[in-house]
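Here the structure is laid out as structure tokens; the discussion comes afterwards.
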Amino acid sequence: MPDPETEVSSAASAPRFEPDERWVPADERRFGLDRRTLRPTLAVFALVFVMSVVLPVINATVPYHDRVRAGDVMEIEGDVTFVPEAGWGITSGLRASHAPLSGAYPATATVEDGAMKFTLRTGSFHGDADKLLDQIETTSDALNRGRGVHVTGAPTTIVTDQGKQGATVRVTGPHTAGVIAAFVFDSRGVEAVATGPSDAGSEPSTAVLRMIGSVSHSAEGK
Amino acid sequence: MTTPTLADLDRARDVALDLSGWGRRFVFYQPRNFAFWGYLALVGIGVHTFLSTLTREYNAYGEAIGLAVTSFAIYAALFWWFTDRIDHYAKLPHKLMVVAFLWGGFAATGAMAVNANDAILALYAKTFGQVWALNWGAGLAAPFNEEVAKGSGLLLLIALAQRHIRTAFDGFILGAFIGLGFQIVEDITYAMTSAGTQFGANQIGASVSTIVLRMVSGVAAHILYSAIFCAGVVYLLGRPAEPRKIGRGLLLIAIPMLLHGTWDSLAAIAGPSALTLIGLLIATVVVALIIVARVYRLTVTRERDFVRDVLAPEQARNVITPVELDAMAGNRKARKAYRKANRSRRERRRARYILNAAYALADELAAARGADTDRVRFARSEVGRIRAGIPSPW
């Protein structure tokens, strides 16, 4: 170990000069930028382009091939099912008896036919169908803030093939029109939303009415 | 073997400070740095996306958003403190940690991963069917999109802070902060989604279980994945203080992807048995924690060497003792053993203060690039004062 008494410290009293963080050596400048920072930044931009442009564009060009066959039944969480119209495309959700490995069905299912879209969604809810419809309207208004789809007209009663009474209301938006139906099975709320282009008329099609009528809860019939 | 002279030790200190970048000031505003503009643009897009969603949903789910933001802010503060605490060798500037956090929170999520996840999940469903996509889609989309989105931020950070990010440990720490940002924003988004699961009614009840679950599972999630991934990126690229090790780099990049994929596929792997799911959850967390602890030990060695090189001249000048130097450049156990070696409680407490003052001296030496400035001399005198048991005049 060196003897501090005899050895003179070599530490300088002022820090050695280091160029400012923003300084760029003259031979590293390109278009006023630090040449060394171009490649990593362009590499990140390329990744962003692939992730945010290329992949979504590829996805948009690939159509859904999964078509509803006669006799298909869609199932969502909580043993809620509906019978989709044959020929419509399944864009999300699962057929009954085709559960994922976890055994848990997703909470929503959507089928589409051209610009027509039918979505069934479920969640826990305490109250009756009218209250659920009010809640859906309140949440939808809060999310849309007067823009987009909004409720028009008074709610009416709707009864499913299973005999379950629900509430329904018409909705319209700038370019869409449709119907929302609400049912409550025990403490499980079910919302059916069917929308299509507004020029197709405000009356729900028979296909939509059939799908709403087919909504059922397996525990209900038992 | 010849004993190094003080001049040799001072030179070794200068080399260590140059190599490590320890103590250098980080300047964020660098208009001539292309990475600065890239970072600003992508974080800007992410902030805009997140705030647009938040303001839109706030009207409907205000209560749940309030709860989620408050809870995750506290959670983030705890993780921030912990991650900052483990970086107690050649410390990185706090400003750089904030820059990393913001990348993870906004650019990696809103400008990158979300778009890619949605597209790939839909493509999986179209190609392999809805059931397959539900089983394996998340596990085969998120690990690639999210880890790459987070990890790519380190490329920009290296370009922004070339003089600071020098070791795999720097990548490990910054990766943890990138992961923390990602985790917090993702958690808030999950809480917003769950607030709507009961049609907007009972928002708190609907979101609280998600918040708790995300907090518990977050212990071994994005923070950990990104820390390992970014350490791997540094090994893969090589830095002035970290020679390139391609194999190790690729392995450390692959491990978090595998962990992430396993985590996202647990429900499918476990099947309908809740017990199996819980068992697998715990096993995955344990494995992840063991791996991250090993990566920490692997990467921190170089940082400890820097501490030894920076403080060796102080030991030679009798400012600190050889035992103190060993404790400072050692692990937590070494510091604990050093403190416990003192008999009385008062001596143990003083030993702790001496180490803290010596770490502060190391930071001052780093900021002064090894020069003998007034601040360094004062920090040195503080070590002596505490050792002598003299109360602070300040």
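Atom set for the values below is all heavy atoms of this structure, side chains included, hydrogens, waters and symmetry mates excluded. Per chain, numbering begins at 1; letters A, B, ... match sequence-line order.
Contact tally against chain A (heavy-atom pairs below 4.5 Å) for B/Ala107, B/Ala122, B/Ala270, B/Gly129: the top residue is B/Ala122. Between chain A and the options B/Ala159, B/Ala274, B/Ala41, B/Ala201, the largest number of non-hydrogen pairs under 4.5 Å is found for B/Ala201. Of the listed residues A/Ala104, A/Gly103, A/Pro56, the one with more heavy-atom pairs under 4.5 angstrom with chain B than any other is A/Pro56. When each of A/Val24, A/Ile90, A/Leu33, A/Asp34 is scored by its heavy-atom pairs under 4.5 Å with chain B, the top score falls to A/Leu33. Ranked by heavy-atom pairs shorter than 4.5 Å toward chain A, the options B/Leu156, B/Ile45, B/Thr197, B/Leu160 are led by B/Leu156. Contact count versus chain B (heavy atoms, under 4.5 Å) is highest, among A/Gly123, A/Ser140, A/Gly127, for A/Gly123. If you tally non-hydrogen atom pairs under 4.5 Å between each of A/Ala107, A/Pro40, A/Ser124 and chain B, the highest count goes to A/Ser124.
Checked by atom type and distance alone, the side chain of A/Arg22 never pairs as donor or acceptor with a backbone atom of B/Arg32 at under 3.5 Å. A donor-acceptor pair under 3.5 Å links the side-chain atoms of A/Thr139 to the main chain of B/Phe199, judged by distance alone. Judged by distance alone, the side chain of A/Ser102 and the main-chain N or O of B/Ala268 form no donor-acceptor pair under 3.5 Å. Listed for the B/Lys126 side chain is a donor-acceptor partner under 3.5 Å among the backbone atoms of A/Val62. B/Asn135 places a side-chain N or O within 3.5 Å of a backbone atom of A/Leu101 that can act as its donor or acceptor partner.
The shortest heavy-atom contact between B/Arg163 and A/Asp20 is NH2-O, 3.0 Å. Taking both residues in full, the closest heavy atoms of A/Asn144 and B/Arg56 are given as OD1-NH1, 4.3 Å, listed atom of the first, atom of the second, then distance. Taking each heavy atom of A/Asp66 and B/Gln130 in turn, the nearest pair found is OD2-CG, 4.4 Å. Contact between B/Gly38 and A/Thr41 at its shortest, heavy atoms only, is CA-CG2, 4.0 Å. Here the closest heavy-atom approach between residue A/Ser52 and residue B/Ala111 is recorded as OG-O, 2.6 Å.
No part of A/Thr108 comes within reach of chain B, as not one of its non-hydrogen atoms sits under 4.5 angstrom from that chain. Looking at B/Tyr61, the atoms closer than 4.5 Å to chain A (heavy atoms on both sides) all sit in the side chain, from C-beta outward. When heavy atoms are compared at a cutoff of 4.5 Å, A/Tyr64 approaches chain B by way of both its backbone and its side chain. Heavy-atom distances place the side chain of A/Leu94, and not its backbone, under 4.5 Å from chain B. Contact annotation for A/Ala99: only backbone heavy atoms (N, CA, C, O) come within less than 4.5 Å of a heavy atom of chain B. The contact between B/Asp14 and chain A is made by backbone and side chain atoms together, counting heavy-atom distances below 4.5 Å. Of the atoms belonging to A/Thr91, it is backbone heavy atoms, and not side-chain ones, that fall under 4.5 Å from chain B. With a 4.5 Å cut-off on non-hydrogen atoms, B/Pro313 does not touch chain A at all. Of the atoms belonging to B/Ser152, heavy atoms from both backbone and side chain fall under 4.5 Å from chain A. Contact of A/Arg95 with chain B is not made at all, since no heavy-atom distance falls under 4.5 Å. No part of B/Trp132 comes within reach of chain A, as not one of its non-hydrogen atoms sits under 4.5 angstrom from that chain.
In this structure, A/Arg29 places its CZ atom where more than 12 heavy-atom neighbours from other residues, nucleotides or ligands lie under 6.0 Å away. Residue B/His48 places its NE2 atom among 12 or fewer non-hydrogen atoms of other residues, nucleotides or ligands, all under 6.0 Å distant. Within a 6.0 Å sphere centred on OH of B/Tyr58, other residues, nucleotides and ligands contribute 12 heavy atoms or fewer.
In this structure, CG on B/Leu42 lies 5.0 Å from CZ on A/Phe45, to the nearest 0.5 angstrom. Here the straight-line distance linking atom CZ of B/Arg25 with atom CD of A/Glu21 works out to 8.0 Å at 0.5 Å rounding. For the atom pair CG (B/Asn145) and CG (A/Leu55), the distance works out to 7.0 Å, reported to the nearest 0.5 Å.
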Legend entry - Audit row: B/Arg24, A/Glu18, side-chain contact (heavy atoms from CB on, under 4.5 Å) steps and yes/no: CA-CA 10 Å; B/Arg24 285 197 177 111; A/Glu18 283 194 1; 2.8 Å; yes
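Using a 4.5 Å heavy-atom threshold, the side chains of B/Gln198 and A/Leu132 count as separate. Using a 4.5 Å cut-off on side-chain heavy atoms (C-beta onward), B/Gln162 and A/Thr37 make contact. Side-chain contact between B/Phe34 and A/Leu42 is present, with at least one heavy-atom pair separated by less than 4.5 Å. When side chains are defined from C-beta on, B/Leu134 counts as touching A/Pro106, because their heavy atoms get closer than 4.5 Å. Here the side chains of B/Tyr39 and A/Val44 are not in contact, with every heavy-atom distance at 4.5 Å or above.
Evaluated for a side chain to side chain contact (heavy atoms under 4.5 Å, CB included) with A/Asn59, the options B/Leu123, B/Leu121, B/Asn115 yield exactly one hit, B/Leu123.
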